[in-house]
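Quantities reported herein were computed from a predicted structural model and do not represent experimental measurements. What's counted below: heavy atoms across the whole structure, side chains too, no hydrogens, waters or symmetry copies.
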Amino acid sequence: MTDSARRPLAVFDLDNTLADTAHRQRFLERRPRDWDAFFAAAPHDPPLAEGIALAVESAAACEVVYLTGRPERCRRDTLEWLAAHGCPEGRVYMRRDGDRRPARRTKLEILRRLARAREVRVLVDDDPQVCDDAEHAGFAVVRATWATPSGALRQAQEGEGRT
């Protein structure tokens, strides 16, 4: 067994946990929502210092992995953003293109799958429903409260299963 296989996991969300999405919320506030523009603007997200620092700190004791509701088609931009902002290297779990289930369901499913093989030490996420469901399932959670909440993003996560 490799050293990384024995280390517990620290699981980090991206949007409004590590990356500040405020500049692209306008694409979700109009009708119809402009999902292509919303995701195309993601490479320009400013980093959230509190989240980045926690990810770097977590890497000392844990293997850091990323769990996002972003669709798979955003993988390249996401990997480039993580590297550009000094985030620890780690696997990135993304929503399958076309998967419209609520974020709390898709993320909990992946957390449970990860926990079958490894200890999940902590989940860091900004979505209250994701956090509530993860805590109810027995996971330790850090609620990322350092970004300004967005009602449009919450609706997208829960009602439309888009991020």
Side-chain angles (χ1 to χ4, degrees), residues 2-28 38-72 74-95 102-104 106-115 117-154 156-158 162-163:
T2 66
D3 183 49
S4 66
R6 286 189 290 262
R7 295 176 76 201
L9 299 176
V11 182
F12 282 80
D13 173 46
L14 294 175
D15 293 337
N16 287 339
T17 298
L18 300 176
D20 187 350
T21 65
H23 72 102
R24 55 188 168 114
Q25 295 305 313
R26 67 185 185 275
F27 299 116
L28 300 182
F38 178 77
F39 288 119
H44 306 292
D45 289 353
L48 291 165
E50 296 90 335
I52 302 289
L54 186 56
V56 170
E57 178 185 319
S58 296
C62 298
E63 178 182 344
V64 173
V65 299
Y66 304 95
L67 176 56
T68 180
R70 292 180 185 183
E72 184 65 41
C74 298
R75 180 171 292 277
R76 177 177 288 167
D77 286 344
T78 299
L79 294 174
E80 289 173 1
W81 188 94
L82 289 166
H85 294 287
C87 294
E89 288 188 25
R91 289 173 289 163
V92 178
Y93 297 89
M94 302 183 86
R95 180 188 298 276
R104 62 190 165 92
T106 60
K107 287 185 175 184
L108 190 58
E109 178 182 290
I110 292 169
L111 278 173
R112 285 181 170 144
R113 188 171 70 231
L114 291 171
R118 301 275 288 282
E119 174 194 350
V120 174
R121 174 85 41 96
V122 66
L123 166 68
V124 183
D125 201 299
D126 70 304
D127 184 327
Q129 291 179 304
V130 169
C131 293
D132 289 348
D133 285 3
E135 285 175 335
H136 184 73
F139 293 99
V141 171
V142 171
R143 292 172 185 260
T145 58
W146 41 83
T148 303
S150 164
L153 186 59
R154 292 276 177 263
Q157 290 170 323
E158 284 304 307
R162 292 285 192 138
T163 185

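The distance from atom CG of Leu54 to atom CZ of Phe12, rounded to the nearest 0.5 Å, is 4.0 Å. Taking CD1 of Ile110 as the start and CZ of Arg95 as the end, the distance is 8.5 Å to the nearest 0.5 Å. Separating the CZ atom in Phe38 from the CZ atom in Arg26 is a distance of 11.0 Å, to the nearest 0.5 Å. Between the OG1 atom in Thr106 and the CG atom in Leu111 there is a gap of 9.5 Å [rounded to 0.5 Å]. Once rounded to the nearest 0.5 Å, the distance linking CD1 of Ile52 with NE2 of His85 reads 7.5 Å. Going from atom CG of Asp20 over to atom OG1 of Thr148 covers 7.0 Å, rounded to the nearest 0.5 Å.
Residues Cys62 and Leu9 come closest through the heavy atom pair CB-C, 4.2 Å. Heavy-atom minimum distance, Arg112 versus Ala137: NH2-CB, 3.7 Å. Counting all heavy atoms, side chain and backbone alike, Asp13 lies closest to Thr68 at OD1-CA, 4.3 Å. Heavy-atom minimum distance, Ala103 versus Asp127: CB-OD2, 4.4 Å. Across every non-hydrogen atom of Trp81 and Pro43, the tightest pair is CD1-O, 3.6 Å. Scanning all heavy atoms of the two residues, the minimum distance from Ala41 to His23 falls at O-CE1, 3.3 Å.
For residues 78-94, the salt bridge (Lys or Arg N to Asp or Glu O under 4.0 Å) pairs, not counting sequence neighbours, are Glu63-Arg91. Among residues at least two apart or in separate chains, salt bridge (Lys or Arg N to Asp or Glu O under 4.0 Å) pairs with a member in residues 40-51 are Arg24-Asp45, Asp45-Arg70.
Partner of Val130 under the side chain to side chain contact (heavy atoms under 4.5 Å, CB included) criterion, out of Leu123, Leu67, Leu108: Leu123 alone.
Side chain of Arg7 to backbone of Ala59: a donor-acceptor contact under 3.5 angstrom is found. A donor-acceptor pair is defined here as one N or O able to donate and one able to accept, closer than 3.5 Å; such a pair exists between the side chain of Thr17 and the backbone of Asp126.
Between Leu18 and Tyr66, the closest side-chain pair of non-hydrogen atoms falls below 4.5 Å. At least one side-chain heavy atom of Pro88 sits less than 4.5 Å from a side-chain heavy atom of Val56.
In this structure, Glu57 has no side-chain hydrogen bond (donor to acceptor under 3.5 Å, both in side chains) partners at least two apart in sequence or on a different chain.
Contact check on Arg143 versus Asp132 returns a salt bridge, with a Lys/Arg side-chain nitrogen under 4.0 Å from an Asp/Glu carboxylate oxygen.
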Quiz prompt | Residues Val11, Tyr93; criterion side chain to side chain contact (heavy atoms under 4.5 Å, CB included); working and verdict | solution = CA-CA 10 Å; Val11 182; Tyr93 297 89; over 6 Å; no
